[in-house]
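Scope of the values below: all heavy atoms of this structure, side chains included, with no hydrogens, waters or symmetry mates. Predicted, not measured: the structure shown is a model, and the values here were computed from it. Order of the sequence lines fixes the chain letters, A, B, ..., with proteins taken first and strands second; residue numbering starts at 1 for each chain.
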There are 2 protein chains.
Amino acid sequence: MKPDQELVEKIRSFNRFYTNVIGLLDQYFLDSPFSLTEGRVLYEICNTEECSAKKIRENIVIDEGYLSRILESFSKRGLIKKTPSPKDGRLRIIVPTEKGKREFANLNNNSNSLISQLIGKLSEEERENLLNKMEGIRILLEKAK
Amino acid sequence: MKPDQELVEKIRSFNRFYTNVIGLLDQYFLDSPFSLTEGRVLYEICNTEECSAKKIRENIVIDEGYLSRILESFSKRGLIKKTPSPKDGRLRIIVPTEKGKREFANLNNNSNSLISQLIGKLSEEERENLLNKMEGIRILLEKAK
DNA sequence: CAAAAATACTTGACTTTGTCAAGTATTTTA
DNA sequence: TAAAATACTTGACAAAGTCAAGTATTTTTG
């Protein structure tokens, strides 16, 4: 086995493990009015200045038509307002309504409480430790890009 | 903001980041004859002694009927052999064929090369560092369960 | 400046993926 | 030994995602 091969296998093992962790944490979508993808879209809408479908697609990989329909559904549900950009008539500026913001906050709370649960049994020190490792991984992987 | 709230938010941020990493690494399924779920099932089949649908469902969350159909399709594609267990006639023992093993190895190679690519720009020291952090996270989260 | 190309979004038709519930065969329990 | 439980299968359906053509607007270019 090449020296690297073992490392790669261990990283894959971690990925399988962490895929499960994420899967568990995503359970909060089950009793929400949103699918996972809708949740991600809503996240982008609530965290992007001058949001548009174009900008959303810069951040998440999603089919243009599919996204268009999700936005249409959000609009019908009263979660967002779409208005043509005055600067560029091709763009639709997307703004969350109060209701949209509320539902997003709700979703966040549910997600947060699952995470709180996950780290519930860890001591303060262990939690810091966990976060340090996470941030370390991020720095390394971002560097590697 | 509660002291924990900030930590939770940072963990979520890492999760979003890592979801993307995993998404990128899962691209290797795109030009394979398997869907992501099929890949996971095949993984279980190739890594479980006396494998059966029951055992697969102990390791991955999947609808019983859906799994049954995936296994049926694997069988038709000549990737596995299903035979009733002599010990318990309700169970079907699943064994990968040579072809199944080959295709699984193939899938692994593709996945491995994407990971190699991911860590390609890291030094030996950084790689070890990365793995240490991953294993640290796993230990912490498994402890927290 | 007008025609062509590109961009942003929408829509229709379709495939894939996943779910739910009822059904069959076998084993375990009472 | 009848009833309940388990392991798997099947049919009908719903949700999620993809592909390609179409519309409106803007940018590029000869």
Side-chain angles (χ1 to χ4, degrees), chain A residues 19-20 22-23 26-45 48-77 80-95, chain B residues 19-20 22-24 26-27 29-45 48-77 80-95:
Chain A
T19 296
N20 272 329
I22 289 171
D26 283 344
Q27 300 266 334
Y28 70 95
F29 276 101
L30 289 184
D31 40 36
S32 89
F34 301 104
S35 73
L36 217 112
T37 304
E38 284 179 330
R40 286 192 189 126
V41 171
L42 191 54
Y43 174 87
E44 292 302 325
I45 292 171
T48 309
E49 292 301 306
E50 292 260 299
C51 189
S52 61
K54 179 184 156 70
K55 281 199 183 168
I56 292 173
R57 268 163 42 81
E58 280 164 12
N59 291 314
I60 57 186
V61 178
I62 183 171
D63 179 81
E64 213 176 359
Y66 184 30
L67 175 58
S68 177
R69 271 183 263 256
I70 286 177
L71 294 174
E72 186 53 30
S73 134
F74 279 4
S75 184
K76 279 195 181 137
R77 295 198 248 166
I80 60 169
K81 270 261 177 297
K82 283 193 295 182
T83 47
S85 163
K87 295 171 200 156
D88 182 343
R90 291 170 302 180
L91 289 156
R92 310 260 165 277
I93 298 300
I94 299 160
V95 184
Chain B
T19 296
N20 272 328
I22 289 171
L24 287 175
D26 283 343
Q27 302 266 334
F29 276 103
L30 290 185
D31 40 35
S32 89
F34 301 103
S35 73
L36 216 109
T37 305
E38 285 179 328
R40 287 193 188 124
V41 171
L42 192 53
Y43 174 87
E44 292 302 325
I45 292 171
T48 309
E49 291 301 307
E50 292 260 300
C51 190
S52 61
K54 177 183 158 73
K55 280 198 184 167
I56 293 173
R57 269 163 41 82
E58 279 164 13
N59 291 315
I60 58 187
V61 178
I62 185 171
D63 178 80
E64 211 177 0
Y66 184 29
L67 175 57
S68 177
R69 270 184 266 256
I70 287 178
L71 294 175
E72 187 52 30
S73 134
F74 279 4
S75 183
K76 279 196 182 134
R77 294 197 248 165
I80 61 169
K81 271 259 176 299
K82 284 193 293 181
T83 47
S85 163
K87 294 172 202 158
D88 182 342
R90 291 169 304 181
L91 288 155
R92 310 262 164 274
I93 298 300
I94 299 160
V95 184

remark   = Whole-Å distance, B:Leu36 CG to D:dT18 P, equals 12 Å
task = In whole angstrom, give the distance that lies between atom CZ of B:Arg40 and atom P of C:dG18.
result = 9 Å
Electrostatic pair B:Glu64:B:Lys54 at N-O distance under 4.0 angstrom = no
message = Please report the distance, rounded to the nearest Å, between CD in A:Glu38 and C1' in D:dA14.
response = 14 Å
ask   = To the nearest 10 degrees, how far apart in direction are the end axes of the helix from C:dC1-D:dG30 to C:dA30-D:dT1, each fit to five base pairs?
value = 20°
task = Under the side chain to side chain contact (heavy atoms under 4.5 Å, CB included) rule, what do B:Val41 and B:Phe74 come out as? Steps first, then yes or no, please.
result = CA-CA 10 Å; B:Val41 171; B:Phe74 279 4; 3.9 Å; yes
ask   = More 5' along DNA chain D: B:Lys82 or A:Pro86, using each one's nearest nucleotide?
value = B:Lys82
inquiry  = Can you pull out the residues from residues 61-72 of chain B that lie within a 4.0 Å heavy-atom distance of DNA chain C?
reply    = B:Asp63, B:Tyr66, B:Arg69
task = With the side chain of A:Leu91 defined as its heavy atoms from C-beta on, choose the nearest nucleotide among C:dT28, C:dC9, D:dT26.
result = C:dC9
ask   = Just by distance, with hydrogens left out, do A:Ser73 and A:Arg69 show a side-chain donor and acceptor under 3.5 Å apart?
value = no
query = Would a distance-only check, ignoring hydrogens and angles, find a side-chain to backbone donor-acceptor pair under 3.5 Å from B:Arg57 to B:Ile62?
reply = yes
ask   = Do NZ/NE/NH1/NH2 and the carboxylate oxygens of A:Lys55 and A:Glu49 come within less than 4.0 Å?
value = no
B:Arg77/B:Glu38 ion pair, N-O < 4.0 Å = yes
message = According to side chain to side chain contact (heavy atoms under 4.5 Å, CB included), who are the partners of B:Pro84, at least two apart in sequence or on a separate chain?
response = B:Arg92
key: Side-chain (A:Ser75) to main-chain (A:Leu71) donor-acceptor, under 3.5 angstrom   = no
message = If I take atom CD1 in residue B:Ile93 and atom C1' in nucleotide D:dC8, what distance separates them, rounded to the nearest angstrom?
response = 13 Å
query = Taking CZ from A:Arg90 and C1' from D:dG22, how many angstroms apart are they, rounded to a whole number?
reply = 16 Å
note = Assign each of B:Arg92 and A:Lys87 the nucleotide of DNA chain D bearing its closest heavy atom; nearer the 5' end lies the nucleotide of B:Arg92
task = Give A:Lys55 one of three labels, base, sugar-phosphate or nothing, depending on what nucleic acid heavy atoms sit under 4.0 Å from its own.
result = nothing
task = Give a yes/no on whether any side-chain N or O of B:Lys54 is located under 4.0 angstrom from OP1 or OP2 of C:dT27.
result = no
